[in-house]
Amino acid sequence: MKTLFNVFAVCTALLLGYGFCQAMYIAPTEATMGDVQRIFYYHLPSAWIAFLLFFVNFLASVWYLIRRTNGGDALALASAEVGVSFCTIVLITGPIWARPIWGIWWTWDARLTSTLVLWLIYVSYLVLRHYATGGQIPVLAAALGIFGFLDVPIVYMAIRWFRTQHPQPVIGGGEGSGLDPAMWHAVLWNLAAFAMLALMFVWIRYKQALAEQALEEAHAQASLDYDSETETEGAQ
Amino acid sequence: MNGAANNNAYLYAAYIVVWVIHCVYAFSLMSRSKRMKRETRELSRR
């Protein structure tokens with residue numbers, strides 16, 4: 001299993017390197033924006049992967065509420081955590097791209113605001129998981145994950161439903177939208193590379209979450225054993 | 001030309017931010033793994 005993981009990690013690193021070359025050197029320079037448009041090759045795949053991971057969190061949360069399995073809870077936590085890191089990238093690279101093109105870092109339009117709300121929902125999910133105590137925390141977190149996911153379609157559709165500063169979608173955006181085929185190569189290579197990286201992160205975090213649960217149970221058992229030992233000694 | 005060079009600074013900044021975030025997250029996963037291994041060892045010693 002470890003060998004398989006190492007092979008996967010090496011493939012991911014190679015793909016990330018190739019994706020970087022595609023984005024920086026091979027993809028053609030956009031006519032209006034110039035080289036700064038290359039931020040797009042990291043911005044768009046990161047957004048799609050964040051959405052995908054929040055969807056995984058949604059499914060795992062539903063699964064946990066139905067079956068109450070440790071695996072469902074661990075997968076929900078892992079996908080939310082990795083999803084937040086990708087969503088953070090979207091929220092930082094977006095304004096860095098916007099500044100030279102729009103002349104502003106941020107505007108409260110529907111796409112940007114709903115993405116910020118999405119990020120806040122899943123950050124609050126992680127805060128709940130990290131700081132709250134009690135047996136019902138996974139249930140509350142699952143409920144938050146399910147209702148939090150409702151924001152993902154809103155983020156996705158925001159540029160179709162509202163007049164926004166954000167550009168129109170590259171897929172199904174209507175007349176005048178879309179991408180040069182050479183640009184698609186860079187998008188797809190980076191999407192594959194980041195998907196593999198995300199899968200690796202989720203896998204590691206999933207295993208850790210399972211180990212944390214086992215460790216907590218072992219701690220609880222150890223303290224129970226200790227209590228019963230001290231009670232026996234006290235009685236003697 | 002100067003404007004294009006300035007815009008390239010935004011491009012580099014964005015790429016650096018992406019890699020810093022991924023590296024910080026990978027590092028946090030590794031340190032968490034180490035801490036859990038240590039805790040497991042301590043627990044099994046008791």
Side-chain angles (χ1 to χ4, degrees), chain A residues 9 12 16 20 23-24 29 33-43 45-46 78 81-82 84-101 105 190 193-194 197-198 200-205 207-212 214-219 221-223 225-226, chain B:
Chain A
T12 304
L16 284 167
F20 177 79
M24 287 296 273
T29 305
M33 289 185 266
D35 278 334
V36 77
Q37 180 269 346
R38 294 176 192 278
I39 292 175
F40 170 77
Y41 302 118
Y42 274 18
H43 180 77
S46 299
E81 200 175 283
V82 181
V84 164
S85 81
F86 276 90
C87 196
T88 306
I89 286 170
V90 175
L91 281 171
I92 295 176
T93 54
I96 294 175
W97 186 11
R99 182 68 181 89
I101 303 303
W105 293 100
N190 278 295
F194 284 126
L197 184 69
M200 214 170 73
F201 282 162
V202 168
W203 177 248
I204 297 171
R205 189 66 189 95
K207 298 296 265 185
Q208 280 181 354
L210 284 179
E212 277 167 1
L215 208 59
E216 271 175 31
E217 282 167 18
H219 269 298
Q221 189 60 47
S223 60
D225 293 346
Y226 178 77
Chain B
M1 186 66 199
N2 194 24
N6 284 343
N7 284 354
N8 281 353
Y10 290 103
L11 173 66
Y12 301 142
Y15 274 54
I16 289 168
V17 162
V18 170
W19 287 110
V20 165
I21 288 174
H22 286 316
C23 289
V24 165
Y25 186 65
F27 182 76
S28 79
L29 285 178
M30 281 194 297
S31 61
R32 194 181 287 150
S33 283
K34 277 184 193 163
R35 197 187 64 228
M36 283 175 58
K37 273 183 193 162
R38 199 177 55 236
E39 277 183 34
T40 311
R41 258 200 320 270
E42 282 170 11
L43 194 70
S44 60
R45 237 186 267 146
R46 275 190 220 166

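Proteins come first, then strands; the chains are lettered A, B, ... in the order of their sequence lines, and each starts at number 1. Reckoned from all heavy atoms, side chains included, excluding hydrogens, waters and symmetry mates.
If you take CG on Leu11(B) and OH on Tyr41(A), they are separated by 11.0 Å, rounding to the nearest 0.5 Å. Taken from CZ in Arg35(B) to CG in Leu215(A), the straight-line distance is 9.5 Å, to the nearest 0.5 Å. Between the CZ atom in Arg205(A) and the CZ atom in Arg32(B) there is a gap of 4.0 Å [rounded to 0.5 Å].
Contact of the Val36(A) side chain with the Asn8(B) side chain is not registered, since no non-hydrogen atoms from C-beta on lie closer than 4.5 Å. Contact check for Asn7(B) versus Asp35(A): no side-chain heavy atoms found under the 4.5 Å cut-off. At a threshold of 4.5 Å between non-hydrogen side-chain atoms, the residues Ile92(A) and Val18(B) do not count as touching. Side-chain contact check for His22(B) versus Ile89(A): some heavy-atom pair is nearer than 4.5 Å. No side-chain heavy atom of Tyr10(B) sits under 4.5 Å from any side-chain heavy atom of Trp97(A).
Neither the backbone nor the side chain of Gln37(A) comes within contact range of chain B; no heavy atom of the residue lies under 4.5 Å from a heavy atom of that chain. Heavy atoms closer than 4.5 Å to chain B are found nowhere in Ile101(A), neither backbone nor side chain. Residue Phe40(A): no heavy atom, backbone or side chain, is found under 4.5 Å from chain B. For a residue to count as touching a neighbouring chain, one of its non-hydrogen atoms must lie under 4.5 Å from one of that chain's; by this rule Ile39(A) touches chain B with backbone and side chain alike.
In this view, Glu217(A) satisfies the side-chain hydrogen bond (donor to acceptor under 3.5 Å, both in side chains) rule with no residue, not counting sequence neighbours. With sequence neighbours excluded, the residues satisfying side-chain hydrogen bond (donor to acceptor under 3.5 Å, both in side chains) with Ser33(B) are Gln208(A).
The two atoms that bring Ser85(A) and Ile21(B) nearest to each other are O-CG2, 4.0 Å, heavy atoms only. Taking every heavy atom of both residues into account, Arg38(A) and Tyr15(B) meet most closely at O-OH, 2.7 Å. Heavy atoms only, all atoms of each residue included: Leu43(B) and Ala218(A) are closest at CD2-CB, 3.2 Å.
Counting heavy-atom neighbours within 6.0 Å of Trp203(A) CH2, excluding the residue itself, gives a total of 12 or less.
Between the side chain of Tyr25(B) and the backbone N or O of Glu81(A), no donor-acceptor pair lies under 3.5 Å.
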